[in-house]
Enquirer: 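Let me begin by handing over the structure; questions about it come next.
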Amino acid sequence: MRCEFDEPKSWLLKRKHGISLREATEIFEQAYLVDQRSDDPEQFRAIGWCRGNLCAVIFEIRRDTKGEYYRLITAWRPTKEEEQSYGENI
């Protein structure tokens, strides 16, 4: 899946949460759990593996002339509840 994100925000997240948006794109290369987080704007949360750690990311599904892509909004290390949900569903 094609992903895009704001590079300056990616670096800020790396400092704040220990994971950049660039690193978080790895989640979509393997099995991951996804659910809808909000309706307006429509956003989704994915939980999966990147850099050997379980991670979570919020993203939007967008379209352009090349087709569909994911716009990554934020990323973090998962909560205990998110880890449990991933373990129970994947």
Enquirer: Any link between Leu33 and Phe44 through a network of hydrophobic side chains (Ile, Leu, Val, Met, Phe, Trp, Tyr) touching at under 4.5 Å?
Expert: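 Cluster IDs for Leu33 and Phe44 differ.
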
Enquirer: Atom CD1 of Ile61 and atom CD of Gln43: how far apart are they, to the nearest 0.5 Å?
Expert: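 Going from the CD1 atom of Ile61 to the CD atom of Gln43 covers 11.0 Å.
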
Enquirer: May I have the step-by-step check of side-chain contact (heavy atoms from CB on, under 4.5 Å) for Glu26 and Trp49, ending in yes or no?
Expert: CA-CA 7 Å; Glu26 292 178 19; Trp49 293 94; over 6 Å; no

Enquirer: With rounding to the nearest 0.5 angstrom, report the CZ to CD distance, Arg45 to Gln36.
Expert: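 Arg45 atom CZ to Gln36 atom CD measures 12.0 Å (nearest 0.5 Å).
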
Enquirer: Partners of Lys14 by side chain to side chain contact (heavy atoms under 4.5 Å, CB included), sequence neighbours excluded?
Expert: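 Listed in chain order: Ser20, Glu23.
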
Enquirer: Are Glu68 and Met1 side-chain neighbours, meaning at least one heavy-atom pair lies under 4.5 Å?
Expert: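 With C-beta onward as the side chain, the pair touches.
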
Enquirer: Drop me the distance from Phe5's CZ to Thr25's OG1, to the nearest 0.5 angstrom.
Expert: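 Reported to 0.5 Å precision, the distance equals 6.5 Å.
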
Enquirer: Considering residues, nucleotides and ligands other than Arg71, do more than 12 of their heavy atoms fall under 6.0 Å from its CZ?
Expert: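 Yes, CZ of Arg71 has more than 12 neighbouring heavy atoms, counting only those of other groups under 6.0 Å.
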
Enquirer: When you group the ILVMFWY residues by side-chain heavy-atom contacts below 4.5 Å and let the links chain together, are Leu21 and Ile73 in the same group?
Expert: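 No, separate clusters.
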
Enquirer: What residues form a side chain to side chain contact (heavy atoms under 4.5 Å, CB included) with Pro8, not counting sequence neighbours?
Expert: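 With sequence neighbours excluded, Pro8 shows a side chain to side chain contact (heavy atoms under 4.5 Å, CB included) to Asp6, given in chain and number order.
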
Enquirer: Working to the nearest 0.5 Å, report the span between OH of Tyr86 and CG of Leu54.
Expert: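 Between atom OH of Tyr86 and atom CG of Leu54 there are 6.0 Å.
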
Enquirer: With a 4.5 Å cut-off on side-chain heavy-atom distances among I, L, V, M, F, W and Y, is there a chain of contacts connecting Ile27 to Tyr69?
Expert: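 Result: no, two separate clusters.
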
Enquirer: Have a look at Gln84 and tell me which of Glu81, Glu88, Lys80, Glu82 forms a side chain to side chain donor-acceptor pair (under 3.5 Å) with it.
Expert: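 It is Glu88, the one option of Glu81, Glu88, Lys80, Glu82 that forms the side chain to side chain donor-acceptor pair (under 3.5 Å) with Gln84.
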
Enquirer: Any non-hydrogen side-chain atom of Ile47 less than 4.5 Å from a side-chain atom of Cys55?
Expert: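 Result no, sub-4.5 Å side-chain heavy-atom pair not found.
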
Enquirer: So Phe28 and Phe59, would you call those rings parallel, tilted or perpendicular, with 30° and 60° as cut-offs?
Expert: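 Plane angle over 60°, so perpendicular.
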
Enquirer: Got a second to check how far Ser38's OG is from Ile58's CD1, nearest 0.5 Å?
Expert: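 The CD1 atom of Ile58 is 7.5 Å from OG of Ser38, to the nearest 0.5 Å.
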
Enquirer: I need the minimum non-hydrogen distance between Cys50 and Ala24, along with the two atoms involved.
Expert: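 Looking at all heavy atoms of both residues, the closest pair is SG-CA, 4.2 Å.
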
Enquirer: If you measure from the Lys or Arg side-chain nitrogens to the Asp or Glu carboxylate oxygens, is any gap between Arg62 and Asp64 under 4.0 Å?
Expert: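 Salt bridge between Arg62 and Asp64, a charged N being under 4.0 Å from a carboxylate O: no.
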
Enquirer: Do Glu60 and Glu42 have side chains that get closer than 4.5 Å, going by heavy atoms?
Expert: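 When only atoms from C-beta onward are counted, Glu42 and Glu60 do not touch, as no gap falls below 4.5 Å.
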
Enquirer: So, Arg77 side chain and Ile19 main chain: donor-acceptor pair closer than 3.5 Å or not?
Expert: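 Not at all, since once roles are kept as given, no pair shorter than 3.5 Å links the two residues.
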
Enquirer: I'd like to know if the side chain of Glu4 reaches the main chain of Tyr70, judged simply by a donor and an acceptor atom lying under 3.5 Å from each other, with no hydrogens or angles considered.
Expert: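 Pair absent, no side-chain N/O of Glu4 close to backbone of Tyr70.
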
Enquirer: If you measure from OG1 on Thr74 to CG on Leu13, what distance do you get to the nearest 0.5 Å?
Expert: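 Answer for the OG1-CG pair, Thr74 versus Leu13, is 4.5 Å.
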
